[in-house]
Amino acid sequence: MWTRYKILIFSYLTTEIWMENQYLSQREGTDFTRNHTILESPRFKRSTFKGQYCRNFRCCEDRDDDCATQFHEANALCYCDKFCERENSDCCPDYKSFCHEEKEWPPHTKPWYPEGCLRDGQPYEEGSVIKENCNSCTCSGQQWKCSQLVCLVQPELIERVNKGDYGWTAQNYSQFWGMTLEEGFKYRLGTLPPSPMLLGMNEVTASLPATTDLPEFFIASYKWPGWTHGPLDQKNCAASWAFSTASVAADRIAIQSKGRYTANLSPQNLISCCPKNRHGCNSGSIDRAWWFLRKRGLVSHACYPLFKNQNATNHGCAMASRSDGRGKRHATKPCPNNIEKSNRIYQCSPPYRVSSNETEIMKEIMQNGPVQAIMQVHEDFFHYKTGIYRHITKKANEESGKYRKLQTHAVKLTGWGTLKGAQGRKEKFWVS
């Protein structure tokens, strides 16, 4: 069932220039006169001029009488400072087109380099390429030309969340800087949408009495200390299908065995060995993961730890097992981690779908332990820091197809609670 958060629960320019006859007059407000060649002829039409003045010199803020260059057609100096914009203009022909319409240039104290570009006061040669977050900018024709990709880290979104009253805070995570939103969806999530078979499973309800009082706050690790397991960092391996399945199974086995078997199970075992789920770090389905766990089993995370480089192509399955004829399987290879001696295979009973009723989900967690959930992920999810997360809808004029993409992600739910959320309202939340 898709709830408000859509969660599915399982246990598993050239210009012709005209100019008036003018004197390079005295600057308004001062006694200083721009004392250069004076034009005393009647009004005239200048010839079409294709040269570059301010573009090859610089643009200056306020009044700066040194901010001038020779204007040969008029046998005079022309200016590229803001003061030239008065009634008797002495601006260079390309002042308006270059200094106003194209760019705001830095103060004249910073030199302009005719061949190349400036960035934060730093000169760059023609053809230079720099990176700004996830976009590349190339110096071409004395201008920066940048790609327009949507980045995973969006500072304006972080600012919006933190200045608003949404019930949660956002953060810029350095490991996401430089990644595109598309890459975030591709490498940081990793669960396929639920299959028809998954959606068709019958819902199961917990056996707790209907009169059972459910606490306002519950976390599985408080009830079963030492028997539940914290999350492992999947880094850029899009395999939440494997990480969440292995973690939920490990918690359930420890709880059902009353602490006899408390090993955390290996998501790498699933990523490398699940024969029906060869996507590995390129996403996968949780129903295949539970099939493998039931039929083949997993070793512990200590036995089969995560590879440092998940993108390497030589990570074949490093474990094998055989059946003893009674459904129980035994490893036929030692642990990939040769320090760990126990290669015990852990299996589970068939998975089941928990009722979509909120109360029933709570009962299931409280009675049998953490459950697995599939949720839809939006771009703001990658900035979540604290509070009760909910997707922040963009303003209407900001909406674009490139922002409306979303993907699915599998997580482990370990409890629930109630806190003050947006606008000070009391809100319920799931603990993941």
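Just so it is clear, the structure is predicted and the values come from calculations on it, not from any experiment.
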Engineer: Before you tell me yes or no, could you show the steps for Thr169 and Thr386 under side-chain hydrogen bond (donor to acceptor under 3.5 Å, both in side chains), namely the whole-Å CA-CA distance, both residues' side-chain angles and the distance that decides it to 0.1 Å?
Structural biologist: CA-CA 5 Å; Thr169 61; Thr386 59; 2.5 Å; yes
Engineer: Can you give me the closest heavy-atom contact between Leu152 and Gly184, atom names plus distance?
Structural biologist: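 Where Leu152 meets Gly184 most closely, the heavy atoms are CD2-CA, 3.9 Å.
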Engineer: What's the verdict on disulfide (SG to SG under 2.5 Å) for Cys146 and Cys137, showing C-alpha distance, side-chain angles and the deciding distance?
Structural biologist: CA-CA 4 Å; Cys146 302; Cys137 298; 2.0 Å; yes
Engineer: Looking only at heavy atoms, which two atoms of Thr228 and Ser221 are closest? And how far apart?
Structural biologist: OG1-CB, 3.4 Å
Engineer: Return yes when the gap between the SG atoms of Cys80 and Cys67 is under 2.5 Å; return no otherwise.
Structural biologist: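 Judged by the SG atoms alone, which are 2.5 Å or more apart, Cys67 and Cys80 are not bridged.
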Engineer: Taking everything shown except Lys385 itself, do over 12 heavy atoms lie less than 6.0 Å from its NZ?
Structural biologist: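 Check fails, neighbour count at 12 or below.
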Engineer: Quick check on Arg260: does its CZ atom have over 12 non-hydrogen neighbours (other residues, nucleotides or ligands) under 6.0 Å away?
Structural biologist: no
Engineer: Short question: side chain of Glu360, backbone of Val204 - any donor-acceptor pair under 3.5 Å?
Structural biologist: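 Judged by distance alone, no pair lies under 3.5 Å.
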Engineer: Could you tell me the separation between the NZ atom of Lys96 and the SG atom of Cys54, rounded to the nearest 0.5 Å?
Structural biologist: 12.5 Å
Engineer: Hey, what do you get for CD1 (Ile130) to CD (Gln122), rounding to the nearest 0.5 Å?
Structural biologist: 10.0 Å
Engineer: For a quick test of reading the model, state the closest non-hydrogen atom pair linking Leu293 to Ala249 and the distance between them.
Structural biologist: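 That would be CD2-CB, 3.2 Å.
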Engineer: Give yes when the SG atoms of Cys84 and Cys92 are nearer than 2.5 Å, otherwise give no.
Structural biologist: no
Engineer: Does the side chain of Ile271 reach to within under 4.5 Å of the side chain of Phe243, using non-hydrogen atoms?
Structural biologist: yes
Engineer: Looking at Asn202, I want to see if its CG is surrounded by more than 12 non-hydrogen atoms of other residues, nucleotides or ligands under 6.0 Å.
Structural biologist: no
Engineer: Please lay out, stage by stage, how Arg288 and Trp241 fare under the test side chain to side chain contact (heavy atoms under 4.5 Å, CB included).
Structural biologist: CA-CA 9 Å; Arg288 295 299 188 184; Trp241 64 273; over 6 Å; no
Engineer: Counting distance only, does the side-chain N/O of Thr414 pair as donor-acceptor with the main-chain N or O of Ala220 below 3.5 Å?
Structural biologist: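 Side chain of Thr414 to backbone of Ala220, a donor-acceptor pair under 3.5 Å: no, none is there.
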Engineer: May I ask you to decide if Lys258's main-chain N or O and Trp224's side chain share a donor-acceptor pair within less than 3.5 Å?
Structural biologist: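 Not a single qualifying donor-acceptor pair exists.
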Engineer: Just to verify, what does Lys426 make a side chain to side chain donor-acceptor pair (under 3.5 Å) with, not counting sequence neighbours?
Structural biologist: Glu216
Engineer: Do Asp81 side-chain atoms and Glu61 backbone N/O form a donor-acceptor pair below 3.5 Å?
Structural biologist: no
Engineer: Quick check against the 3.5 Å criterion: does Asn269 have a side-chain atom that pairs as donor or acceptor with the backbone of Val299?
Structural biologist: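 Yes; judged by distance alone, with no hydrogens or angles, the pair exists.
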Engineer: Could you walk me through whether Asp64 and Tyr79 pass side chain to side chain contact (heavy atoms under 4.5 Å, CB included), step by step?
Structural biologist: CA-CA 9 Å; Asp64 184 348; Tyr79 293 83; over 6 Å; no
Engineer: Within the supplied structure, the quantity of interest is the number of heavy atoms (other residues, nucleotides, ligands) at a distance under 6.0 Å from Lys420 NZ; does it exceed 12?
Structural biologist: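 It does not: Lys420 NZ has 12 such atoms or fewer within range.
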Engineer: Hey, is Cys91 close enough to Cys78 that the SGs sit under 2.5 Å?
Structural biologist: no
Engineer: Inspect cysteines Cys151 and Cys134 and report if their side-chain SG atoms are under 2.5 angstrom from one another.
Structural biologist: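 A disulfide, yes.
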Engineer: May I ask you to test the Asp380-Tyr166 pair for a side-chain heavy-atom distance under 4.5 Å?
Structural biologist: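 Not in contact.
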Engineer: Looking at side-chain heavy atoms only, is the closest gap between Asn337 and Cys303 below 4.5 Å?
Structural biologist: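 With C-beta onward as the side chain, the pair stays apart.
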Engineer: List in chain and number order the residues that pass salt bridge (charged side-chain N to carboxylate O under 4.0 Å, His left out) with Glu358, two or more places apart in sequence or in another chain; answer none if no residue qualifies.
Structural biologist: Lys428
Engineer: Quick check: does any side chain N or O of Glu126 sit under 3.5 Å from a backbone N or O of Gly141, one acting as donor and the other as acceptor?
Structural biologist: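 It does hold such a pair.
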Engineer: Please tell me if the side chains of Trp144 and Cys139 come closer than 4.5 Å, counting only heavy atoms from C-beta onward.
Structural biologist: yes
Engineer: Which pair of heavy atoms, one from Met201 and one from Pro351, lies closest together, and at what distance?
Structural biologist: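 The pair with the smallest heavy-atom distance is CE-O, 3.7 Å.
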Engineer: What class does the angle between the rings of Tyr222 and Phe217 fall in, given that below 30° is parallel, 30 to 60° is tilted and above 60° is perpendicular?
Structural biologist: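 Tyr222 vs Phe217 ring planes: tilted.
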Engineer: Taking all atoms of both residues into account, what is the closest heavy-atom pair of Tyr346 and Ala263, and its distance?
Structural biologist: OH-CB, 3.7 Å
Engineer: Does the separation of the ring centres of Phe382 and Tyr173 fall below 6.0 angstrom?
Structural biologist: no
Engineer: For residues Phe218 and Met362, determine if any side-chain heavy atom of one lies less than 4.5 Å from a side-chain heavy atom of the other.
Structural biologist: no
Engineer: To the nearest 0.5 Å, how far apart are CG in Asp90 and CG in Leu77?
Structural biologist: 9.5 Å
Engineer: Contact between Arg390 and Glu427 at the side-chain level, heavy atoms closer than 4.5 Å - yes or no?
Structural biologist: yes
Engineer: Nearest 0.5 Å, what's the CG-CG distance between Asn162 and Asn172?
Structural biologist: 10.5 Å
Engineer: Check whether Asp94 reaches the backbone of Phe98 with its side chain - one donor and one acceptor, N or O, closer than 3.5 Å.
Structural biologist: no
Engineer: Backbone N or O of Thr408 within a donor-acceptor pair of the Thr191 side chain at under 3.5 Å?
Structural biologist: no
Engineer: Testing Arg296, Arg329, Arg294 for side-chain contact (heavy atoms from CB on, under 4.5 Å) with Gln347, which one passes?
Structural biologist: Arg329
Engineer: Judged by atom type as modelled, is there a donor-acceptor pair below 3.5 Å linking the side chain of Arg63 to the main-chain atoms of Lys82?
Structural biologist: no
Engineer: Hey, are Glu364 and Arg252 close enough for a salt bridge, meaning a charged N less than 4.0 Å from a carboxylate O?
Structural biologist: yes
Engineer: Quick one: closest heavy-atom pair of Gln70 and Tyr53, and the distance?
Structural biologist: O-CE2, 3.2 Å
Engineer: Do Ser272 and Tyr304 come within less than 4.5 Å of each other through their side chains, counting heavy atoms only?
Structural biologist: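 Sidechains of Tyr304 and Ser272: in contact.
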Engineer: Would you say that Leu157 contacts Glu379 through its side chain, given a criterion of any heavy-atom pair below 4.5 Å between the two side chains?
Structural biologist: yes
Engineer: Side chain to side chain contact (heavy atoms under 4.5 Å, CB included) for Ile345 and His330? Distances and angles first, verdict last.
Structural biologist: CA-CA 6 Å; Ile345 300 290; His330 302 273; 5.6 Å; no
Engineer: What do the steps show when you test Met366 against Trp416 for side chain to side chain contact (heavy atoms under 4.5 Å, CB included), and what is the final call?
Structural biologist: CA-CA 10 Å; Met366 193 168 75; Trp416 65 86; 4.0 Å; yes
Engineer: Do any pairs count as a salt bridge (charged side-chain N to carboxylate O under 4.0 Å, His left out) and have a residue in residues 136-148, sequence neighbours left out, and if so which ones?
Structural biologist: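 Every candidate salt bridge (charged side-chain N to carboxylate O under 4.0 Å, His left out) pair involving residues 136-148 fails, so no pair, neighbours aside, qualifies.
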Engineer: If I take atom NE2 from residue His409 and atom OG from residue Ser432, how far apart are they, to the nearest 0.5 angstrom?
Structural biologist: 7.0 Å
Engineer: Counting only N and O atoms by type, is there a donor-acceptor contact under 3.5 Å from the side chain of Asn343 to the main-chain atoms of Cys335?
Structural biologist: no
Engineer: What distance separates Tyr124 OH from Cys117 SG, expressed to the nearest 0.5 Å?
Structural biologist: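 So the OH of Tyr124 and the SG of Cys117 are separated by 10.5 Å.
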